[in-house]
Amino acid sequence: MRQTGAAGKTSRMSVAAAEPSDSKHATTGALLDVRDLCVSFRDDAGWVPMLNNVAFQVNRGETVGIVGESGCGKSLTALSIMGLLPRRGCLRTGGIVFDGCDIAGLGERGMRQVRGRQIGMVFQEPMSALDPVFTVGDQIAETVRTHFQVSPREAKERAVEALASVRIPAPAACATLYPMNLSGGMRQRVMIAMALVCEPKLLIADEPTTALDVTIQAQIMELLLELGRRTGTALLFITHNLALIAESCERTLTMYAGEVVEDGSVEAMLNRPLHPYTAGLLASLPGRRAPKSRLSSIPGRVPSPRDMPAGCRFGPRCTFATAICQEPQRLRAVDNRRVRCARAVELVLAGAGG
Amino acid sequence: MSEARSVGPILTVENLEIAFPGRRRGQVIQAVDNVSFTVRQGETFGIIGESGSGKTTVGRALVCLIRPTAGRIRHFGEDPFALPAKALRRHRRGYQIIFQDPNAALDPRMTILQSVREPLDVAGAGTRRERQRKALEALDHVALGPEMAARYPHEISGGQKQRANIARALVLEPRLVVCDEVVAALDVSIQAEMLNLFADLQRDFHLTYVFITHDLRVVAHISDRVAVMYFGKIVELGPATGLMNAPLHPYTKALLSAEPEPVPAHMRNRGRIVLQGEVPSPLDPPTGCRFHTRCPLAQPLCAQRDPEWRELAPGRLVACHFAKTPN
């Protein structure tokens with residue numbers, strides 16, 4: 001590992017068991033507080049646990065990234081927060097406290113007041129999130145009228161303003177177009193306009209730029225971050241792209257096999273990841289620095305939720321696994337970070353750019 | 001990669017043009033416009049560009065899936081499109097393509113072994129038993145064991161499916177493989193594994209790759225030389241390291257700076273160029289330099305005259321009126 005000032009600081013680590021979540025959360029004024037969220041789906045054989053005690057917080061105005069491979073529970077976490085899980089064959093326990101109110105206990109009716117108004121969401125595939133038979137102006141206006149007592153005309157005006165705020169040229173003309181008339185980047189701008197028109201306190205963006213080209217991705221990310229800063233909206237940003245998180249977020253959560261395995265500031269994670277999984281993700285990125293070199297990859301695959309390892313869930317793929325990893329791992333506090341790895345402190349894992 | 005090979009380049013593309021008919025009568029969409037390059041035997045030639053840049057169309061033409069509207073493609077000096085149909089079928093076995101979506105490329109009703117053996121069956125090479133053995137060998141090269149061979153596509157992961165597709169392309173012992181966004185649909189850790197596999201196969205089978213991708217990191221990692229495409233044209237071409245470290249064309253510069261870097265803030269390159277606007281409509285192409293509508297350095301000249309190819313340093317070509325010689 002590189003010896004930099006930052007690295008020197010992090011090497012003197014204090015370890016403490018994480019406090020039980022309830023005592024800690026009562027005092028903090030986090031905007032979103034997810035407490036021991038568990039989600040199971042039913043299949044022919046019985047209940048299959050998909051998320052296991054997912055707990056994290058998002059502060060007001062904060063930008064938090066969730067990273068992990070496909071099948072680790074990132075999107076499921078987002079859908080749970082939004083109350084968008086299927087009604088049948090799905091079991092959710094744990095608390096989701098948003099702005100002081102436990103929204104996990106709200107019914108469908110209550111959630112409708114929250115969804116869109118308090119928490120906005122942008123999905124990966126804008127074409128499937130937009131209705132093909134209505135103009136984008138109508139769709140944004142509908143969102144406005146659902147949450148505010150305004151006249152149709154004012155709703156329409158607000159829709160055009162929203163389109164202007166995401167820097168769509170000729171917003172009034174754009175409002176009269178159908179989704180099929182727009183390019184992928186434009187559709188994603190429309191989605192962002194729709195999500196932000198009610199000025200939510202939290203915006204969940206699930207892979208918002210994955211389907212876009214890199215120059216358009218840069219435009220959309222700049223837009224999202226700027227709008228977030230201007231309106232004070234907190235951003236929960238889900239992606240498999242660690243590089244994107246490195247550039248845009250203040251804090252990251254690494255998820256693996258339905259669990260949070262690392263939580264801390266992006267800078268600290270990049271300098272010295274605590275969990276071998278985060279380190280593995282960082283190391284497998286091809287780069288410009290060593291072309292043609294052998295890339296390090298994480299052997300194996302994310303375990304099936306039906307067949308979880310008994311001990312550390314990452315254990316079978318981890319090059320650092322020892323006897324202690326045969327036991328289930330707790331999420332422990334290390335300095336201002338949290339990690340689900342018994343060896344986190346003794347291991348000094350290589351960060352990025354080393 | 002020595003230029004002094006007696007055989008000459010494996011692939012020569014001269015003034016390639018490909019146009020598709022538009023929806024209305026007489027409307028023409030120029031997907032590829034005057035593209036020229038050569039690929040040397042044993043190298044990895046990267047083609048990078050955004051969607052709509054024509055990179056996939058070029059890739060398909062290279063393996064004779066699309067007939068060029070104008071210009072020439074030569075494999076070892078020979079024009080495959082001049083061959084009679086039967087000879088072309090035999091010829092193209094040496095020039096394979098692997099597609100982006102591993103699901104769409106495999107028949108859901110065939111086992112993996114059947115899919116991999118199919119090209120051999122079509123080619124009618126050897127006895128059935130020999131073909132079976134060859135297919136199993138090909139699967140072995142991509143680290144898929146015999147227990148995988150009997151499975152159907154829905155029973156295996158995305159990475160394994162892409163391995164099966166690679167085996168399928170390799171089974172006819174091609175010289176050149178066009179890889180069209182082959183790692184785009186995979187998670188980073190699987191992507192790393194695949195890039196390692198591509199490197200191994202290249203070494204073991206003396207393959208030449210044309211690697212088409214929108215991912216700069218991937219192209220920088222795997223390529224010897226890189227062509228940057230924008231709106232149907234190559235705007236810059238050069239050795240991968242030179243091009244990545246000191247890009248000449250403003251579009252290449254913008255692409256590189258748009259790519260996020262996974263490094264701590266103090267190590268990050270500041271001064272990002274965020275391009276405004278989007279790729280123009282192919283029905284209404286800009287005059288002059290195709291990039292001038294989004295170029296931060298555009299001058300009046302750019303809208304009037306199409307820039308010529310200039311070789312600013314050995315092997316480094318660029319199509320920009322204002323590109324300067326690298327130091």
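Values in this document were obtained by computation on a predicted structure and should not be read as measured data.
Contacts between B:Val274 and chain A at a heavy-atom distance below 4.5 Å involve the side chain alone, from C-beta outward. Neither the backbone nor the side chain of A:Thr210 comes within contact range of chain B; no heavy atoms are under 4.5 Å apart. Neither the backbone nor the side chain of A:Arg167 comes within contact range of chain B; no heavy atom of the residue lies under 4.5 Å from a heavy atom of that chain. If you measure heavy-atom distances from A:Met186 to chain B, the contacts under 4.5 Å come from both the backbone and the side chain. Contact annotation for A:Glu222: only side-chain heavy atoms (C-beta onward) come within less than 4.5 Å of a heavy atom of chain B. Heavy-atom distances place the backbone of B:Ser223, and not its side chain, under 4.5 Å from chain A.
Between chain A and the residues B:Arg294, B:Gln191, B:Glu193, the largest count of heavy-atom pairs under 4.5 Å involves B:Glu193. Ranking A:Val214, A:Leu282, A:Val266, A:Leu281 against chain B, the residue ahead of the rest is A:Val214, based on heavy-atom pairs under 4.5 Å. Between chain A and the options B:Pro260, B:Ser51, B:Ala199, heavy-atom pairs under 4.5 Å are most frequent for B:Pro260. Ranked by heavy-atom pairs under 4.5 Å with chain B, the list A:Pro299, A:Ser293, A:Ser296, A:Pro169 is led by A:Ser293. Between chain A and the residues B:Leu275, B:Val188, B:Asn196, the largest count of heavy-atom pairs under 4.5 Å involves B:Asn196.
Ionic pairing of B:Glu50 and B:Lys55 is not present here: no N-O contact between side-chain nitrogen and carboxylate oxygen is shorter than 4.0 angstrom. Looking at A:Arg294 and B:Asp200, a side-chain N of the basic residue comes within less than 4.0 Å of a carboxylate O on the acidic one, giving a salt bridge. Comment: B:Arg40 does not engage B:Asp224 in a salt bridge, judged by the lack of any side-chain N to carboxylate O separation of less than 4.0 angstrom.
B:Tyr209 places no side-chain N or O within donor-acceptor distance of the main-chain N or O of B:Ile222, the cut-off being under 3.5 Å. In terms of modelled atom types and a separation under 3.5 Å, the side chain of B:Glu181 and the main chain of B:His214 share a donor-acceptor contact.
You'll find the ring centres of A:His275 and A:Tyr256 outside the 6.0 Å limit. Taking the six-membered ring for Trp and the full ring otherwise, the centers of B:His249 and B:Tyr230 sit at least 6.0 Å from each other.
The distance from the OH atom of B:Tyr251 to the OG atom of B:Ser53 is 6.5 Å, given to the nearest 0.5 Å.
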